[in-house]
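See below for the structure under consideration.
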Amino acid sequence: MNPSIKYQHFNSPVGELVIGEYNGEIVLCDWRYRKMRKSIDHRITTALNTTLEKSTSPLIEQCIYQLNQYFGGERRIFDLPISMIGSDFQKQVWNELLKIPFGEKASYMDLAKRLNNEGAIRAVASANGANALSIIVPCHRIIGSDGDLTGYAGGLNAKKKLLELEGSLAHQMQLF
């Protein structure tokens, strides 16, 4: 069996996160009490053929430090080694999320268009919801085509607070 995924809980200003590290990469920065918690953890531990172990590491501490900078308004881009654990399609969606700048938003349809597959809007939404690297891979920047805030693993209140922190709720929707 491979080394375990070390993880810690982090009480952010908008909700409790699970921060996980495996082989020098962050593999989890996700909402502790989300509905899909067990399935996300299962997907990651199965793909890596390992288990979760409550422990810390210098990388987890660095992730928490950068999250605190983000919440304090001092950081806009995360500089952490990450590993996206999912299907090829999910990774495509998550890589597109990384292209949405701090303070901007996009819709699920915008993401589907960026992938040259407008018919995949539901699959894009599903991949967005399966993101295990919340905030770092900014799925909170995705809103409905009508501008409404839509589902978010951390809850709509957390999504609203993240968008307010980034100053994007007061602006018109900006496409990336």
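Only a predicted model underlies this, so the values are computations on that prediction, with no experimental measurement involved.
- Checking side-chain atoms of Glu16 against main-chain N and O of Tyr33 turns up no donor-acceptor pair under 3.5 Å.
- Looking only at side-chain heavy atoms (C-beta outward), Tyr7 and Asp30 stay at 4.5 Å or farther from each other.
- Partner of Val137 under the side-chain contact (heavy atoms from CB on, under 4.5 Å) criterion, out of Asn95, Ile100, Leu98: Leu98 alone.
- At distances below 3.5 Å, at least one donor-acceptor pair connects side-chain atoms of Arg43 with backbone N or O atoms of Ala130.
- Applying the 6.0 Å contact sphere to NZ of Lys54 captures more than 12 heavy atoms from other residues, nucleotides or ligands.
- Asn128 places no side-chain N or O within donor-acceptor distance of the main-chain N or O of Val124, the cut-off being under 3.5 Å.
- The aromatic rings of Phe78 and Tyr70 lie tilted to each other, with the angle between the two planes from 30° to 60°.
- Pro13 has its side chain out of reach of Leu165: every pair of non-hydrogen atoms, C-beta onward, lies at least 4.5 Å apart.
- In this structure, CG on Leu162 lies 9.0 Å from CZ on Arg141, to the nearest 0.5 angstrom.
- In summary, of the residues considered (Thr51, Val18, Leu52), a side-chain contact (heavy atoms from CB on, under 4.5 Å) with Ile5 occurs for Leu52 alone.
- Arg37 and Asp41 are joined by a salt bridge, as a carboxylate oxygen and a charged side-chain nitrogen come within less than 4.0 angstrom of each other.
- In terms of heavy-atom proximity, Ser168 sits nearest to Gly103 at CB-O, 3.2 Å.
- Here the side chain of Gln90 pairs a donor or acceptor atom with the backbone of Ser87 at under 3.5 angstrom.
- Tyr152 places a side-chain heavy atom less than 4.5 Å from the side chain of Ser134.
- Counting all heavy atoms, side chain and backbone alike, Ile60 lies closest to Ser55 at CD1-O, 3.9 Å.
- Both Ile40 and Val27 sit in one connected hydrophobic cluster of ILVMFWY residues. Membership requires side-chain heavy atoms under 4.5 Å apart, directly or through other members.
- A 4.5 Å side-chain heavy-atom check between Trp31 and Ser12 finds at least one atom pair inside the cut-off.
- Counting heavy atoms from C-beta outward, Pro3 and Tyr22 have side chains that approach closer than 4.5 Å.
- Taken from CG in Leu97 to CD1 in Ile136, the straight-line distance is 13.0 Å, to the nearest 0.5 Å.
- In this structure, CD1 on Ile121 lies 9.0 Å from CG on Asp110, to the nearest 0.5 angstrom.
- For Lys91, the NZ atom sits in a packed shell: over 12 heavy atoms of surrounding residues, nucleotides or ligands are nearer than 6.0 Å.
- Proximity of Cys63 to Leu59: side-chain heavy atoms (C-beta onward) are nowhere separated by under 4.5 Å.
- Of all the heavy atoms in Ile85 and Ala47, the pair that sits closest is CG2-CB, 3.4 Å.
- In this structure, CG in Asp148 is found 10.0 Å from CG in Leu156, a value given to the nearest 0.5 Å.
- Using a 4.5 Å heavy-atom cutoff, the side chains of Asn68 and Arg75 are not in contact.
- Using a 4.5 Å heavy-atom threshold, the side chains of Phe102 and Ile77 count as separate.
- Going from atom CD of Glu104 over to atom CG of Leu163 covers 12.0 Å, rounded to the nearest 0.5 Å.
- A salt bridge links Glu96 with Lys99: the distance from a Lys NZ or Arg NE/NH1/NH2 to an Asp or Glu carboxylate oxygen falls below 4.0 Å.
- No side-chain donor-acceptor contact under 3.5 Å links Trp94 to the backbone of Cys139.
- Across Lys6, Glu21, Gln8, a single residue satisfies side-chain hydrogen bond (donor to acceptor under 3.5 Å, both in side chains) together with Ser57, and that is Glu21.
- In this structure, CG in Leu48 is found 8.0 Å from OG1 in Thr45, a value given to the nearest 0.5 Å.
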